[in-house]
Protein chains: 2
Amino acid sequence: MEKEAREEVKRKFIEFLEKKDFRITNQRRVIIDTVFSTDEHFTAEQLLEWAREKDSSVSRATVYRTLPLLTESNLVHEMDFGKPYKFYDPNYSESPNHNHLICEDCEKIVEFDSEKIEAIENEIGDKLGFTVKSQNLQLTASCDTLKRKGTCDKKSCS
Amino acid sequence: MEKEAREEVKRKFIEFLEKKDFRITNQRRVIIDTVFSTDEHFTAEQLLEWAREKDSSVSRATVYRTLPLLTESNLVHEMDFGKPYKFYDPNYSESPNHNHLICEDCEKIVEFDSEKIEAIENEIGDKLGFTVKSQNLQLTASCDTLKRKGTCDKKSCS
DNA sequence: TTCTTAATGAAACCATGTCTCAACAAAGAC
DNA sequence: GTCTTTGTTGAGACATGGTTTCATTAAGAA
């Protein structure tokens with residue numbers, strides 16, 4: 001991930017705030033700096049912790065208030081894997097994909113797109129009498145092949 | 001849903017308990033009677049409320065302790081739709097499908113299967129170097145077509 | 001019927017997340 | 001730069017969904 005891409009995304013968030021007549025506060029700046037200085041998925045509590053390392057005054061309330069702005073502006077993805085807390089993902093691309101493969105061995109999360117699956121989903125919705133508005137596909141998987149090849153890049157995979 | 005089918009599923013749960021050397025208590029009987037007297041999905045709190053109508057002594061702890069037994073025995077499905085609480089579904093069939101269409105208008109939940117989608121999922125997993133273990137697909141939809149036809153059977157759809 | 005011990009209910013507890021409200025600070029007007 | 005308006009903030013109370021503890025109860029074997 002290049003530095004310009006990070007700056008670009010931050011600029012987009014500022015634009016989003018301006019368009020909504022929301023104020024560009026220091027806390028919001030710290031939070032987006034934090035979000036867009038990682039490529040990893042994170043939880044709200046992790047974000048709070050990281051943001052506080054940059055500015056110890058950032059409060060839990062502000063983090064929880066800013067996350068919906070980030071998801072609304074589509075710069076961050078919200079993901080629910082059935083755990084009691086949610087995961088978030090900095091979204092550098094514009095793609096609206098909500099398909100994730102989660103490795104049960106190394107906890108790696110891979111996003112992917114599939115037009116084929118989307119087409120079938122619409123077909124199924126139609127058949128049932130519904131119009132599909134959005135979709136969310138989660139695959140739980142094992143990185144056995146990557147491990148065998150020695151190309152799994154997560155620390156937890158030896 | 002026929003009466004025998006309900007009895008059959010209850011019998012299976014008793015068998016499950018016996019096999020595990022778990023006791024067949026009155027509370028567990030009340031809870032499965034409650035679960036398998038509906039076709040609807042429900043939350044843990046709803047189940048508690050319903051069970052208490054049959055036997056007011058059933059406690060929250062027991063409901064929450066029994067639900068994992070029901071999911072483990074595969075007689076109830078656990079579903080997570082990103083809300084802070086989970087939904088459960090009495091599972092009369094043996095099918096392991098985990099695909100749900102949730103209507104955002106009437107909150108109806110429809111389960112469906114798709115071999116086509118599963119095939120594509122495996123293909124994608126392979127391509128990424130993973131072996132897909134399980135999948136979970138959620139479609140958010142609108143029942144506009146059913147409403148237009150006047151065939152949506154939920155009370156909330158007029 | 002007795003005995004062992006798993007299961008239970010009540011309530012304390014926990015974790016994630018939301019809300020309230022007085023204090024603060026952006027940003028426009030001057 | 002200073003003033004004024006009003007959206008935003010931090011601290012902590014609160015809400016919610018769920019889990020754990022522990023004394024008591026009751027399955028089920030003997």
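Residue numbers start from 1 in every chain, and the chains themselves are labelled A, B, ... in the order their sequence lines are given, proteins ahead of strands. For clarity, every value in this text was computed on a predicted model and none was experimentally measured. Quick note: numbers below take in every heavy atom, side chains included, and nothing from hydrogens, waters or symmetry partners.
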Could you state the atom-to-atom distance from NZ of A:Lys83 to P of C:dG17 in whole Å?
13 Å
Rounded to whole Å, CD of A:Gln46 lies from P of C:dG17 at a distance of 12 Å
Flag the pair A:Glu49 and A:Arg52 as a salt bridge only when some basic side-chain nitrogen lies within less than 4.0 angstrom of an acidic carboxylate oxygen.
no
Heavy-atom donor-acceptor pair, A:Thr66 side chain to A:Thr62 backbone, under 3.5 Å:
yes
Counting C-beta onward and ignoring hydrogens, is there a side-chain heavy-atom pair between A:Ser114 and B:Ile124 closer than 4.5 Å?
yes
5'-most contact on DNA chain D (nearest-nucleotide basis), B:Pro84 vs B:Ile24, goes to B:Pro84
Nearest-angstrom distance from the residue atom CD of A:Glu78 to C1' of C:dT16:
13 Å
Other residues, nucleotides and ligands only: do more than 12 of their heavy atoms fall within 6.0 Å of CD on B:Glu115?
no
What is the ring orientation for A:Phe81 with A:Phe87, classed by angle as parallel under 30°, tilted 30 to 60°, or perpendicular over 60°?
tilted
List the atom of B:Asp89, the atom of B:Met79, and the distance in Å for their closest heavy-atom pair.
CB-CE, 3.6 Å
Let me check the geometry of the helix from C:dT1-D:dA30 to C:dC30-D:dG1. What is the bend angle between the axes at its two ends, five pairs each, to 10°?
30°
Contact summary for B:Glu45 and B:Tyr64, nearest pair of heavy atoms:
OE2-OH, 2.9 Å
Please check: side-chain N/O of A:Glu18 versus main-chain N/O of A:Ile24, any donor-acceptor pairing under 3.5 Å?
no
Between B:Glu15 and B:Arg11, does at least one N-O distance fall below 4.0 Å, as a salt bridge requires?
yes
Under-4.0 Å salt bridge between A:Lys10 and A:Glu7:
yes
Can you pull the contact range of chain B along DNA chain D, 5' to 3', using atoms under 4.0 angstrom from its heavy atoms?
D:dG17 to D:dG28
With DNA chain C as reference, determine whether B:Arg23 or B:Arg52 sits nearer its 5' end, using the nearest nucleotide of each.
B:Arg23
A:Glu45 CD - C:dC14 P separation (whole Å):
16 Å
Between B:Phe16 and B:Phe13, what is the ring plane arrangement, given parallel below 30°, perpendicular above 60°, and tilted in between?
parallel
What residues 53-66 of chain A contributes to the DNA chain D interface at heavy-atom separation below 4.0 Å is A:Ser57, A:Val58, A:Ser59, A:Ala61, A:Thr62, A:Arg65
Between P on C:dA27 and CZ on A:Phe22, what's the gap in Å once rounded to a whole number?
13 Å
Expressed as a whole number of angstroms, how long is the span from A:Tyr85:OH to C:dT18:P?
16 Å
